[in-house]
Peer 1: 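Okay, handing you the structure first.
Sequence lines set the chain letters: A, B, ... in the order given, protein chains first and strands last, and positions in each chain run from 1. Fair warning: this is a prediction, and the values are worked out from it, not measured in the lab.
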There are 2 protein chains.
Amino acid sequence: MRRDVFQAIADPTRREIIQMVATTPLNVNTVAENFDVSRTAVYKHIKILTECGLIVMRQKGRERYCEAQLERLQEVADWAELYKKMWSARFGLLDNVLEGLQAKDKKPGRKK
Amino acid sequence: MRRDVFQAIADPTRREIIQMVATTPLNVNTVAENFDVSRTAVYKHIKILTECGLIVMRQKGRERYCEAQLERLQEVADWAELYKKMWSARFGLLDNVLEGLQAKDKKPGRKK
DNA sequence: TTATTATACAACCAAAAGGTTACATATATT
DNA sequence: AATATATGTAACCTTTTGGTTGTATAATAA
């Protein structure tokens, strides 16, 4: 049972679930209603997301609400950002960024 | 044959391959030597990475060099960044950032 | 020309992933 | 108490994934 964040977000359904609960917690059935696969299938996706810490379940009566807990996406953001920067650097874009920063120091109000 | 970037980077071996060729292009065998699975297995991973546009192959004699082409990681960076921000906002960290920016306007040299 | 080297790829296999239906359980509702 | 609702989970199935070995082909070296 590999349960790292990269693998968790590989599935498009799971990314949709994240999107759904990112702003408002939703109970399992409400999440499931928005997909054309079975409730059980959606439940399994939710389980995977909780197991890797991207969602927490909060019981409320007989319902369980899925609440986004997205700080573990930091790992993904950092990883992608690192290589994006490497890639940019190859094309001298990093130089432009640095140049931009220097210019900003001299002209603080400068836009773009 | 689903071949989106999220799925491509889900596999740890493929992330290692990306790391290896991120700075210097390497031929297939050189990449393969660094793993304890067969050359064929590594070759398949490389193929997946080329199919989703994260690597390009450049022939040089009988060798083929794997060259990183990582701009498509932008999609991943953007996605993770979006939800990371949403998450931060929930805890008022965004407020702090905004506050920080305002403070910076008044006291430009301020640290932290 | 005859190896040797670097790569491509077919054929096959086991395990994991993603799905299903059926059933169990706990909490409302009537 | 009886029924309905929301959820958890077992058992099963199919497809995909990640791996293997073996063979074919193209470029280089001897």
Side-chain angles (χ1 to χ4, degrees), chain A residues 1-21 24-69 72 76 79, chain B residues 1-21 24-69 72 76 79:
Chain A
M1 187 176 38
R2 208 176 78 219
R3 220 100 288 183
D4 66 289
V5 182
F6 285 93
Q7 194 240 355
I9 65 169
D11 186 275
T13 302
R14 287 198 286 270
R15 290 201 298 280
E16 275 193 73
I17 293 174
I18 289 175
Q19 189 186 1
M20 286 183 65
V21 303
T24 323
L26 297 172
N27 67 354
V28 177
N29 277 352
T30 306
V31 174
E33 278 161 16
N34 286 273
F35 296 93
D36 55 1
V37 294
S38 70
R39 187 190 61 78
T40 305
V42 173
Y43 174 76
K44 284 189 189 175
H45 284 303
I46 291 175
K47 201 176 179 197
I48 289 170
L49 290 171
T50 60
E51 277 168 1
C52 81
L54 288 170
I55 277 182
V56 288
M57 302 291 266
R58 190 181 304 282
Q59 184 131 14
K60 197 174 176 181
R62 66 183 156 186
E63 295 169 288
R64 299 187 78 194
Y65 282 81
C66 306
E67 196 176 309
Q69 177 139 37
R72 288 206 51 208
V76 178
W79 184 86
Chain B
M1 184 174 41
R2 209 177 76 217
R3 219 104 283 185
D4 65 289
V5 183
F6 285 92
Q7 194 240 357
I9 66 170
D11 185 274
T13 301
R14 288 197 286 270
R15 289 201 299 279
E16 275 194 73
I17 293 173
I18 289 174
Q19 187 186 4
M20 287 183 63
V21 303
T24 323
L26 297 172
N27 67 352
V28 177
N29 277 353
T30 306
V31 174
E33 278 162 17
N34 286 273
F35 295 93
D36 55 1
V37 293
S38 71
R39 189 190 64 77
T40 305
V42 174
Y43 173 74
K44 283 191 189 175
H45 284 303
I46 291 175
K47 201 176 179 198
I48 288 170
L49 290 170
T50 60
E51 277 169 1
C52 81
L54 287 170
I55 276 182
V56 288
M57 301 292 266
R58 188 180 305 281
Q59 183 131 14
K60 196 174 173 182
R62 67 183 156 185
E63 294 169 288
R64 299 186 78 195
Y65 283 80
C66 306
E67 197 175 311
Q69 176 138 38
R72 288 207 50 208
V76 178
W79 184 86

Peer 1: Could you go over nucleotides 21-24 of chain C and give all protein N or O partners under 3.5 Å, atom names and distances?
Peer 2:
unit_1, atom_1, unit_2, atom_2, d
C:dT21, O4, A:Thr40, OG1, 3.4

Peer 1: Measure from CD1 on B:Ile46 to P on D:dT17 and round the result to the nearest Å.
Peer 2: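 The answer, rounded to whole Å, is 18 Å.
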Peer 1: List the residues meeting salt bridge (Lys or Arg N to Asp or Glu O under 4.0 Å) with B:Arg62, not counting sequence neighbours, and say none if there are none.
Peer 2: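 If we apply the salt bridge (Lys or Arg N to Asp or Glu O under 4.0 Å) test to B:Arg62, skipping adjacent residues, there are no hits.
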Peer 1: Please tell me if B:Asn29 has a side-chain N or O lying less than 4.0 Å from either OP1 or OP2 of C:dT5.
Peer 2: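 False: B:Asn29 side-chain N/O out of range (4.0 Å or more) of C:dT5 OP1/OP2.
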Peer 1: Rounded to the nearest angstrom, tell me the gap between atom CD1 in B:Ile55 and atom P in C:dT7.
Peer 2: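 So the CD1-P distance, B:Ile55 to C:dT7, works out to 13 Å.
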Peer 1: Report the C-alpha distance between B:Asp4 and A:Arg15 in whole Å, list the side-chain angles of each, state the deciding distance to 0.1 Å, and finish with yes or no for salt bridge (Lys or Arg N to Asp or Glu O under 4.0 Å).
Peer 2: CA-CA 13 Å; B:Asp4 65 289; A:Arg15 290 201 298 280; 3.6 Å; yes
Peer 1: Among D:dG19, C:dA17, C:dT20, which nucleotide sits nearest the side chain of B:Thr13?
Peer 2: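 Nearest to the side chain of B:Thr13 among the choices is D:dG19.
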Peer 1: What is the distance from atom CG of B:Leu49 to atom SG of B:Cys66, rounded to the nearest 0.5 Å?
Peer 2: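 Reported value, rounded in 0.5 Å steps: 8.5 Å.
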Peer 1: Taking ring-ring contact (aromatic ring centres under 6.0 Å, His included) as the definition, give me every residue that meets it alongside B:Phe6, ordered by chain and number, with sequence neighbours left out.
Peer 2: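 For B:Phe6, the residues satisfying ring-ring contact (aromatic ring centres under 6.0 Å, His included) (neighbours in sequence not counted) are B:Trp79.
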Peer 1: Just the rounded figure in Å: distance from C1' of D:dA6 to CD of A:Gln59.
Peer 2: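 After rounding, the reported distance stands at 10 Å.
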Peer 1: From the list D:dG18, D:dT7, D:dT17, which nucleotide is the closest neighbour of the side chain of B:Arg14?
Peer 2: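 So the nucleotide nearest the side chain must be D:dG18.
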Peer 1: At less than 4.0 Å, is any side-chain N or O atom of A:Tyr43 found next to OP1 or OP2 of D:dT7? Yes or no.
Peer 2: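 Negative; the distance criterion is not met.
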Peer 1: Mind checking what makes side chain to side chain contact (heavy atoms under 4.5 Å, CB included) contact with A:Tyr43, not counting sequence neighbours?
Peer 2: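 A:Tyr43: side chain to side chain contact (heavy atoms under 4.5 Å, CB included) contacts with A:Val28, A:Lys47.
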Peer 1: Hey, is B:Asp11 close enough to B:Lys44 for a salt bridge, meaning N to O under 4.0 Å?
Peer 2: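 Salt bridge: no.
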Peer 1: Tabulated below should be each protein N or O lying under 3.5 Å from an N or O of nucleotides 28-30 of chain D; please produce it.
Peer 2:
unit_1, atom_1, unit_2, atom_2, d
D:dT28, O4', B:Arg62, NH1, 3.4

Peer 1: Once you round it to whole Å, what is the distance between P of D:dT17 and NE2 of B:His45?
Peer 2: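 Nearest whole value for this atom pair: 12 Å.
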Peer 1: If the cut-off is 4.0 Å, is A:Asn27 near the phosphate of D:dT7, judged by side-chain N/O to OP1 or OP2?
Peer 2: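 So the side-chain polar atoms of A:Asn27 do come within 4.0 Å of the phosphate oxygens OP1 or OP2 of D:dT7, strictly under.
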Peer 1: Classify the side chain of A:Lys47 versus the base of D:dT7 as yes if they form a donor-acceptor pair under 3.5 Å and no if they do not.
Peer 2: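 It does not, because no donor-acceptor pair links the side chain of A:Lys47 to the base of D:dT7 below 3.5 Å.
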Peer 1: With a cut-off of 3.5 Å and sequence neighbours excluded, list every side-chain donor-acceptor pair involving residues 30-41 of chain A.
Peer 2:
unit_1, atom_1, unit_2, atom_2, d
A:Thr30, OG1, A:Asn27, OD1, 2.3
A:Asn34, ND2, A:Thr30, O, 2.8
A:Ser38, OG, A:Ala41, N, 3.1

